[in-house]
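Here the structure comes first, spelled out in structure tokens, and everything after it is commentary.
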Number of protein chains: 2
Amino acid sequence: MNYLDELTQELFTFFNGFSSWENSVIKTSDLTVAEAHAIEVLGKHGQINMKSLAQYLGVTTGTTTVTVDRLEKKEYATRESIKEDRRVHLITLTEKGQRAFAEHHQYHYNLTDQILAVLSSEENEQLLKILKKINEEAF
Amino acid sequence: MNYLDELTQELFTFFNGFSSWENSVIKTSDLTVAEAHAIEVLGKHGQINMKSLAQYLGVTTGTTTVTVDRLEKKEYATRESIKEDRRVHLITLTEKGQRAFAEHHQYHYNLTDQILAVLSSEENEQLLKILKKINEEAF
DNA sequence: ATCATATTGTTTGATATTCAAACTAATTTT
DNA sequence: AAAATTAGTTTGAATATCAAACAATATGAT
């Protein structure tokens with residue numbers, strides 16, 4: 001097996017491991033995958049409108065309408081209109097939504113911890129540096 | 001921002017970048033995400049039965065039945081029964097299925113290339129070593 | 001050998017996800 | 001003021017998914 005092969009395999013094994021870890025974390029909560037992703041975006045970016053939310057999630061606004069409907073019903077978020085432009089609805093996390101975000105974030109920390117635990121401190125630094133590079137330049 | 005924070009953020013940015021890259025690649029094909037994942041597993045592991053396929057995909061056998069139905073209809077895969085155990089159906093990629101797998105695999109190589117391009121050869125080696133460790137021990 | 005148990009895979013009924021296209025209401029451009 | 005654009009919702013359709021019930025087959029215990 002050559003170098004490119006090997007790295008490709010490890011990259012996708014890593015990605016799949018991450019994926020199934022995420023899904024299993026979400027399954028322990030009251031949220032569906034779509035809802036959890038929306039909460040992540042809202043927690044990170046604060047109040048945003050439907051269109052931005054759709055763009056961050058990589059779906060259509062129609063899809064986002066449905067997702068936010070559910071989040072409102074479950075009391076994780078609310079729509080608020082603004083007087084500047086009456087077409088726009090800002091989505092805001094409720095108290096409950098913010099708690100869910102914080103909790104999910106804690107899971108992320110836990111996974112990072114788990115990863116750090118198997119690496120030397122030198123490797124930790126290398127990993128951070130490499131990820132920064134890739135995130136800035138490769139995608 | 002502390003170290004743990006920073007690494008967590010980079011890890012999830014990386015994961016999300018990977019995710020949306022994957023989805024956009026799949027969207028250019030004739031396949032849905034579920035179908036593409038099934039083809040990936042079948043291409044990697046060869047002939048397997050429904051239960052193994054479901055386990056690799058992390059879904060129930062009911063879900064897998066539907067996915068394989070669709071793959072058969074689109075002529076990417078076939079079910080074959082074996083005489084040793086008449087309950088078991090082995091799923092096999094057709095010629096067309098193998099071509100789809102090879103094509104998808106090529107995309108993976110391309111992404112790896114893209115990632116390698118922004119790293120020094122020293123960093124490449126560090127990344128491979130680190131990913132191997134994480135994949136073996138952290139998940 | 002026979003009966004109970006376990007296993008493989010399918011079906012069913014329900015909910016969730018997603019999109020494209022049509023639509024409404026509001027804003028901006030001409 | 002009319003036309004064009006924009007934000008968001010609704011609708012109709014296909015896909016995804018699960019849990020539970022089910023059918024067919026295989027295995028184990030007595």
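Throughout, protein chains are lettered first and strands after them, A, B, ... in sequence-line order, and every chain is numbered starting at 1.
- With rounding to whole Å, B:R70 atom CZ is found 5 Å from D:dA16 atom P.
- Relative ring orientation between B:Y107 and B:W21 is described as perpendicular, the plane-to-plane angle rising above 60° on a 0-90° scale split at 30° and 60°.
- For residues 115-138 of chain A, the set of pairs meeting the ring-ring contact (aromatic ring centres under 6.0 Å, His included) definition, not counting sequence neighbours, is empty.
- If you find the closest nucleotide of DNA chain C to A:V59 and to A:R86, the one lying nearer the 5' end belongs to A:V59.
- The NZ atom of B:K51 sits 19 Å away from the P atom of D:dT25 (whole-angstrom rounding).
- Counting to the nearest Å, the C1' atom of D:dA7 and the CD1 atom of A:I91 are 11 Å from each other.
- Spacing between atom CG of B:N23 and atom C1' of C:dT18 amounts to 12 Å, rounded to whole angstrom units.
- Remark: A:R79 is in phosphate contact with D:dT9, judged by side-chain N or O atoms under 4.0 Å from OP1 or OP2.
- With DNA chain C read from its 5' end, the first of the two nearest nucleotides for B:V66 and B:D85 is the one closest to B:D85.
- Residue A:T63 places none of its side-chain N or O atoms closer than 4.0 Å to OP1 or OP2 of C:dT17.
- A:T32 comes within 4.0 angstrom of the backbone, heavy atoms only, and of no base.
- When the side-chain nitrogen and oxygen atoms of B:T60 are compared with OP1 and OP2 of D:dC18, one or more of them lie within a distance under 4.0 Å.
- Proximity of B:H37 to the phosphate of D:dA16: no side-chain N or O atom is located under 4.0 Å from OP1 or OP2.
- When rounded to the nearest whole Å, the span between CE of A:M50 and P of D:dT6 equals 18 Å.
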